[in-house]
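What follows is one structure encoded as C-alpha cells, with my remarks underneath.
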Amino acid sequence: MDIYQHFRKEEHHFIDLVCEWKRLVTEQYAPKLTDFLTPREQQIVRSIVGNHDEVHVAFFGGSSSVERKRALLYPPYLQPNEDDFQLSLFSVRYPKKFVTLGHRDVLGALLSLGVKREKFGDIVIVEDVIQFVIAKEIAPFVKMNVTSIGKAKVSLEEQPLSELLDVKEEWEEETLTVSSLRLDAILAQCFRISRQKAQALIEQSFAKVNWKTVDQAHMECREGDLLSLRGYGRCRLQAIAGQTKKEKWRIVVEKAK
C-alpha cells in the first residue's frame, strides 16, 4: 500500500522522517526523542507508528492541555516518564505595571536568537503571566540570551513543569454550507467575511492550515484540518457531511471561542 496516498504532497518529507525514526528504533533498539511537533505532525506519527509491536510512541509537551509536544519513539522494554522528554519551563519576569506583552512578542524574541520553532513548545499567557516550554538542551542558551522582549527588559525563571498553567480552549460547533471545499470558501463562511477578502488575506500569508502558512486560496481542505486566519481566529473542519441538492457542500466546523 502506498503510504503517501492519505497525506498531502507537502507532508511527504515529514512522513519520510517518521519512517526513518521508526527504522532507527527498530534497528538500534533504543529510544528516539523528536523536536516539538504540531498536533497534525503528532497525528501523522501516530498513524505511521500505529500499533507496531517493535516501536511504541508517547507524546508530552509539559501538560495535557498544550498543543505542541515532543514525541518519544521507543522499544517495548522502555517505560517512559516525563524526564525522558527533556523539557524545561520558563516564566518571564517583566515590568507588568508598565508593559503588555503578547504571544507574538515572545515568539519573536525566541526566533531572533536563531532558535528554531521546533525547539520550543507552547507559549502560555494567562492575564499577565507568561510561560513557555523549551527543549532542555538549549535552555541554558535561552536563559542567558533572552534579556528583552519587545522594548521591555526581562529575565527568565526556570520552574518545575508542574507549575505550567493549564489553558483549555473552548470550541463551538456549527454546520455551514459552502460552495466548495476551497480554503477561501471555508474561511469566508467561518468568519463571516466576503470570499474576495478571504482570498486577499490568504495571498498576504495571513492564513494557516495545520499550523503551516499557506498563500493559495484554491487549496482544498480535508476533514481534520485546523484553519486559522490572522485577526479572526481558528476553526477546525470536523466533518464533510455531503452535498446538497444544489451541489453545495455541507460541513461541520468547530470555532475557537
Side-chain angles (χ1 to χ4, degrees), residues 7-15 35-44 66-68 99-125 130 132 146 148-152 167 169-240 248-257:
F7 303 99
R8 290 194 171 99
K9 187 175 180 180
E10 60 267 23
E11 295 174 330
H12 291 184
H13 173 71
F14 182 71
I15 291 164
D35 288 335
F36 286 91
L37 308 177
T38 66
R40 173 58 181 165
E41 290 169 334
Q42 294 166 40
Q43 184 182 18
I44 292 173
V66 299
E67 287 189 340
R68 292 177 179 266
V99 177
T100 300
L101 296 176
H103 185 280
R104 194 176 298 180
D105 300 314
V106 181
L107 180 63
L110 291 169
L111 293 176
S112 68
L113 294 178
V115 177
K116 292 182 179 180
R117 184 63 185 92
E118 297 80 14
K119 286 295 181 183
F120 56 97
D122 281 21
I123 298 168
V124 176
I125 301 178
I130 301 174
F132 61 88
V146 175
S148 64
I149 297 177
K151 296 182 179 179
V167 181
E169 195 168 26
E170 293 186 5
W171 298 80
E172 190 172 42
E173 190 172 283
E174 188 175 356
T175 300
L176 303 172
T177 302
V178 292
S179 58
S180 79
L181 297 176
R182 284 172 46 131
L183 178 61
D184 57 347
I186 292 177
L187 289 178
Q189 282 296 101
C190 277
F191 299 117
R192 307 291 192 269
I193 58 177
S194 71
R195 192 158 172 179
Q196 289 75 18
K197 184 167 187 177
Q199 288 174 351
L201 292 170
I202 293 167
E203 288 166 3
Q204 294 173 58
S205 298
F206 282 13
K208 290 184 179 181
V209 177
N210 297 326
W211 296 269
K212 286 187 166 52
T213 301
V214 297
D215 57 11
Q216 297 179 326
H218 66 267
M219 178 180 184
E220 188 165 301
C221 298
R222 300 181 180 182
E223 286 187 353
D225 282 349
L226 181 76
L227 317 177
S228 65
L229 191 61
R230 191 187 305 173
Y232 289 87
R234 307 201 296 173
C235 65
R236 183 184 290 117
L237 180 53
Q238 282 292 90
I240 299 170
K248 292 191 174 185
W249 290 95
R250 188 175 289 108
I251 61 173
V252 180
V253 299
E254 281 186 332
K255 288 172 65 176
K257 288 185 178 180

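This one's a predicted model, so the numbers in the text were calculated from it and none came from an experiment.
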Could you tell me the separation between the [atom1] atom of [X] and the [atom2] atom of [Y], rounded to the nearest 0.5 Å?
{"X": "Trp211", "Y": "Leu227", "atom1": "CH2", "atom2": "CG", "answer": "10.0 Å"}
{"X": "Leu237", "Y": "Cys190", "atom1": "CG", "atom2": "SG", "answer": "8.0 Å"}
{"X": "Ile15", "Y": "Lys9", "atom1": "CD1", "atom2": "NZ", "answer": "13.0 Å"}
{"X": "Arg40", "Y": "Phe7", "atom1": "CZ", "atom2": "CZ", "answer": "6.0 Å"}
{"X": "Gln216", "Y": "Ser205", "atom1": "CD", "atom2": "OG", "answer": "10.5 Å"}
{"X": "Ile123", "Y": "Ile130", "atom1": "CD1", "atom2": "CD1", "answer": "9.0 Å"}

Item to check | Atom NZ of Lys257 with >12 non-hydrogen neighbours under 6.0 angstrom | outcome: yes

Would you check if [X] and [Y] make a side-chain contact, meaning some heavy-atom pair closer than 4.5 Å?
{"X": "Val99", "Y": "Leu101", "result": "yes"}
{"X": "Cys235", "Y": "Phe191", "result": "yes"}
{"X": "Thr213", "Y": "Lys208", "result": "yes"}

Next on the checklist: Donor-acceptor pair, distance only, cut-off 3.5 Å: does the side chain of Gln43 make one with the backbone of Pro39?
Outcome noted: no

Item to check | Donor-acceptor pair, side chain of Gln42 and main chain of Leu37, under 3.5 angstrom | outcome: yes

Quick one: closest heavy-atom pair of [X] and [Y], and the distance?
{"X": "Leu181", "Y": "Ile186", "result": "O-CD1, 3.7 Å"}
{"X": "Ile202", "Y": "Ala217", "result": "CG2-N, 3.8 Å"}
{"X": "Arg250", "Y": "Thr175", "result": "CG-CG2, 3.7 Å"}
{"X": "Phe36", "Y": "Arg68", "result": "CD2-O, 3.9 Å"}

Checklist entry - Restricting to pairs with a member in residues 174-188, which pass salt bridge (Lys or Arg N to Asp or Glu O under 4.0 Å), not counting sequence neighbours? => result Glu174-Arg192, Arg182-Asp184, Asp184-Arg195

Item to check | Basic-acidic side-chain contact under 4.0 Å: Glu41, Lys212 | outcome: yes

Next on the checklist: Under the salt bridge (charged side-chain N to carboxylate O under 4.0 Å, His left out) test against Arg234, which residue among Glu67, Glu254, Glu172 passes?
Outcome noted: Glu67

Could you pull out every donor-acceptor pair under 3.5 Å between side chains of residues 105-117 and any protein atom, sequence neighbours left out?
unit_1: Asp105; atom_1: OD2; unit_2: Gly102; atom_2: N; d: 2.8
unit_1: Ser112; atom_1: OG; unit_2: Gly108; atom_2: O; d: 3.3
unit_1: Ser112; atom_1: OG; unit_2: Ala109; atom_2: O; d: 2.8
unit_1: Arg117; atom_1: NH1; unit_2: Phe120; atom_2: O; d: 2.7
unit_1: Arg117; atom_1: NH1; unit_2: Gly121; atom_2: O; d: 3.4
unit_1: Arg117; atom_1: NH2; unit_2: Gly121; atom_2: O; d: 3.4

Would you give me the side-chain donor-acceptor pairs under 3.5 Å for residues 218-226, sequence neighbours excluded?
unit_1: Glu223; atom_1: OE2; unit_2: Ile240; atom_2: N; d: 2.8
unit_1: Asp225; atom_1: OD1; unit_2: Arg8; atom_2: NH1; d: 3.2
unit_1: Asp225; atom_1: OD1; unit_2: Asn210; atom_2: ND2; d: 3.0
unit_1: Asp225; atom_1: OD2; unit_2: Arg8; atom_2: NH1; d: 3.3
unit_1: Asp225; atom_1: OD2; unit_2: Arg8; atom_2: NH2; d: 2.5
unit_1: Asp225; atom_1: OD2; unit_2: Arg222; atom_2: N; d: 2.8

Item to check | Check against side-chain contact (heavy atoms from CB on, under 4.5 Å), Ile193 and Leu201 | outcome: CA-CA 11 Å; Ile193 58 177; Leu201 292 170; 4.3 Å; yes

